[in-house]
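One structure below.
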Amino acid sequence: MVINTTALDRTQEIPKLEVSQINKSFERDRQRHTVLKNLSLAVHPGEFVSIIGPSGSGKSTLLQLIGGLLEPDSGEIRMDGSNVTGSKGLISYMPQQPALFPWYTLEQNVLMALDIAESNAKKRGSGMGGTPTTASREERRELARTWLARAGLGGYEDQYPQVLSGGMQQRASFVRAMLSPQELICLDEPFGALDALTRLQMQQWLLSIWEEHRRSVLLVTHSIEEAIFLSDRIYVLSAAPAQTIAEFQVPFERPRDEAIINCEPFIRMKRDIYQLLQTGSGQHAR
Amino acid sequence: MMKKRWFQVGWPPVAVLFSFLVIWQLAVTWGHIEEFLLPSPLRILEVFTQADVRARLWMHAASTIRITLLGLGSGIGLGIVLAVLLHVIPFLRSGIYPLLILTQNVPIVATGPLLIIWLGYGIAPKVVLIMLVCFFPVVVSTLTGLSQPDPQYLNYMQMIGATKRQLLWKLELPNALPYLFSGMKLAASYSVITAVAAEWLGSKEGLGTYIKLSANGFMTAQVFATIVVIVAVSLGLFGIFALLAKWAVRWNIKNGGR
Ligand SMILES: Nc1ncnc2c1ncn2[C@@H]1O[C@H](COP(=O)(O)OP(=O)(O)OP(=O)(O)O)[C@@H](O)[C@H]1O
Ligand SMILES: [Mg+2]
């Protein structure tokens with residue numbers, strides 16, 4: 001097994017996404033509950049980063065902060081170096097449920113996301129928020145059809161989502177996130193609702209697509225194996241209030257093979273992360 | 001699961017109705033009941049064979065259908081516009097919606113004469129009355145549909161930065177469509193009855209007027225024949241809206257329209 005020894009020096013580079021010193025609390029039963037405490041993380045251009053943490057630790061809340069749906073109590077969110085705290089439309093997003101609209105066909109679902117991204121990019125005057133798309137609607141339609149076919153959904157473009165299986169819906173949902181022009185994709189437990197076998201197939205499929213079509217990815221997951229298999233870097237969060245308790249650099253070279261799941265370093269890393277999540281603390285930074 | 005064919009669903013009520021008619025017929029024949037009290041089903045059927053009565057029935061039905069369609073159409077239009085307005089302007093919603101529900105407690109027998117005083121004896125007061133009855137179920141159901149999309153869709157749309165307008169067109173309005181259609185089906189079934197009631201309150205033509213005239217002349221068979229026509233028109237209108245609903249929410253495979 002080849003191990004990547006030339007750990008990249010990313011310190012000089014401006015990160016695609018930088019979450020710095022975020023605090024967030026909610027009021028519940030007249031009490032403040034701190035959900036995120038002094039949380040910082042970064043995603044570099046073209047990097048695949050995972051966040052792993054116990055259920056209810058605040059991972060979805062973090063994504064909503066990044067998406068601009070919520071405002072942090074303090075701290076800052078930067079993209080490409082500029083402060084974007086509270087602004088919407090800068091990320092593309094794949095939720096845990098496929099969230100394909102039942103009144104749109106698969107193609108219309110994908111196109112809708114592209115149209116919204118396009119109108120956002122226009123409003124911003126092709127400033128931040130990633131690649132300004134110059135594609136016409138016809139070209140976008142073509143793109144959607146091509147990628148749906150690549151996702152094994154050829155022939156289903158004009159079907160309504162309800163006729164598809166859960167795995168097929170997730171693939172369509174991923175295509176929708178993937179084709180949106182924003183340079184950062186946020187995935188919130190995208191395979192959480194799938195059975196183990198489908199889940200494995202989906203991970204391999206996602207990896208093969210991503211490896212030839214690099215984007216900056218922030219993935220939230222419950223599965224340690226999934227995080228190691230897919231990512232370049234992993235942040236481990238503690239239970240509420242969530243802080244980053246560790247950061248792992250994943251050393252396996254790409255393109256990755258599913259065989260790495262059984263190699264020694266993989267298993268060791270898996271055990272380390274598992275222990276961290278169990279004890280809920282630690283200063284394991286590498 | 002196989003979908004039930006229409007005749008599988010349809011035969012029990014038909015069988016019950018048929019037995020009922022047979023019993024009615026026998027009771028009238030053997031019980032020597034006077035025709036002006038209760039005509040037999042066959043006697044009612046006979047009314048439809050009289051050419052002059054048929055012509056008059058048809059003339060009155062056409063008049064009723066006309067005001068029904070005018071009132072229903074404007075009621076639905078008003079309902080949709082009002083629902084969208086109340087939805088996009090929260091202040092209007094909190095200010096107007098409760099009052100709207102209050103207005104539904106005013107009975108037709110009060111509204112009808114008032115409208116006649118204000119709008120005269122033409123078709124205007126009748127159309128307005130039907131409109132007032134029809135727009136309410138449309139507003140209520142459409143507003144429900146607009147304001148209750150599945151939170152997962154809402155979260156997704158906000159995460160990708162959809163504007164209020166995009167939310168309305170791509171999420172809330174399509175989501176409201178099945179609700180709108182169930183409101184329209186309700187409105188359609190209220191509309192014919194309201195038209196007849198409005199005519200009964202004061203008019204020169206229409207099925208409601210015909211019932212009044214027939215009843216005053218103790219022509220009970222004609223009253224029943226008119227009822228048959230009213231039921232047929234109601235069912236037809238309801239059927240049209242049910243079909244429209246099926247078509248408009250064809251993506252909704254699980255409940256095939258509400
Ligand atoms: N809008 C809100 N108002 C009040 N409390 C909230 C709100 N959103 C989230 N919370 C609370 O914040 C905490 C973290 O929720 P969040 O959904 O972010 O967790 P999570 O890590 O995504 O969990 P899971 O892994 O189960 O998806 C929970 O205790 C939740 O009750
Ligand atoms: Mg979550």
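In this text, all values refer to a predicted model and were calculated from it rather than measured experimentally. Labels below follow one simple rule: chain letters A, B, ... track the order of the sequence lines, proteins then strands, and each chain is numbered from 1.
In this structure, A:Ile52 and A:Ala227 approach most closely via the heavy-atom pair CD1-CB, 4.2 Å. Here the shortest heavy-atom pairing between A:Leu39 and A:Val19 reads O-CG1, 3.8 Å. Nearest heavy-atom pair, A:Gln182 versus A:Gly89, reported as atom, atom and distance to 0.1 Å: NE2-O, 3.4 Å. Closest heavy-atom contact between B:Val229 and B:Ala61: CG1-CB, 4.1 Å. The two residues B:Gly206 and B:His60 have their closest heavy-atom pair at N-ND1, 3.0 Å. Here the shortest heavy-atom pairing between B:Lys126 and B:Ser203 reads NZ-OG, 3.1 Å.
For a residue to count as touching a neighbouring chain, one of its non-hydrogen atoms must lie under 4.5 Å from one of that chain's; by this rule B:Gln166 touches chain A with the side chain only. Both the backbone and the side chain of A:Ile91 come within contact range of chain B, judged by heavy atoms closer than 4.5 Å. Contacts between A:Ala177 and chain B at a heavy-atom distance below 4.5 Å are absent for every atom of the residue.
Highest contact tally toward chain A, considering only B:Asp150, B:Leu177, B:Leu171, is held by B:Leu171 [criterion: heavy-atom pairs under 4.5 Å]. Highest contact tally toward chain B, considering only A:Arg176, A:Gln64, A:Met112, A:Gln159, is held by A:Arg176 [criterion: heavy-atom pairs under 4.5 Å].
A salt bridge does not link A:Glu47 with A:Arg214: every distance from a Lys NZ or Arg NE/NH1/NH2 to an Asp or Glu carboxylate oxygen is 4.0 Å or more. Salt bridge present: A:Arg141 and A:Glu107 bring a charged side-chain N and a carboxylate O closer than 4.0 Å. Taking the charged nitrogens against the carboxylate oxygens, A:Asp80 and A:Lys16 do have a contact shorter than 4.0 Å, which makes a salt bridge. The pair A:Glu142-A:Arg140 does not count as a salt bridge, with every side-chain nitrogen at least 4.0 angstrom from each carboxylate oxygen.
For the atom pair CD1 of B:Ile67 and CE of B:Met131, the computed distance is 13.5 Å after rounding to the nearest 0.5 Å.
Using non-hydrogen atoms only and a strict 4.5 Å limit, the part of residues 93-103 of chain A facing chain B consists of A:Tyr93, A:Pro95, A:Gln97, A:Ala99, A:Leu100, A:Phe101, A:Pro102, A:Trp103. For a heavy-atom cut-off of 4.5 Å, chain A lies close to no residue in residues 81-111 of chain B.
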Could you walk me through whether A:Tyr104 and B:Trp251 pass the ring pair (Phe, Tyr, Trp, His ring centres under 6.0 Å) test, one step at a time?
CA-CA 8 Å; A:Tyr104 288 146; B:Trp251 43 266; 9.3 Å; no
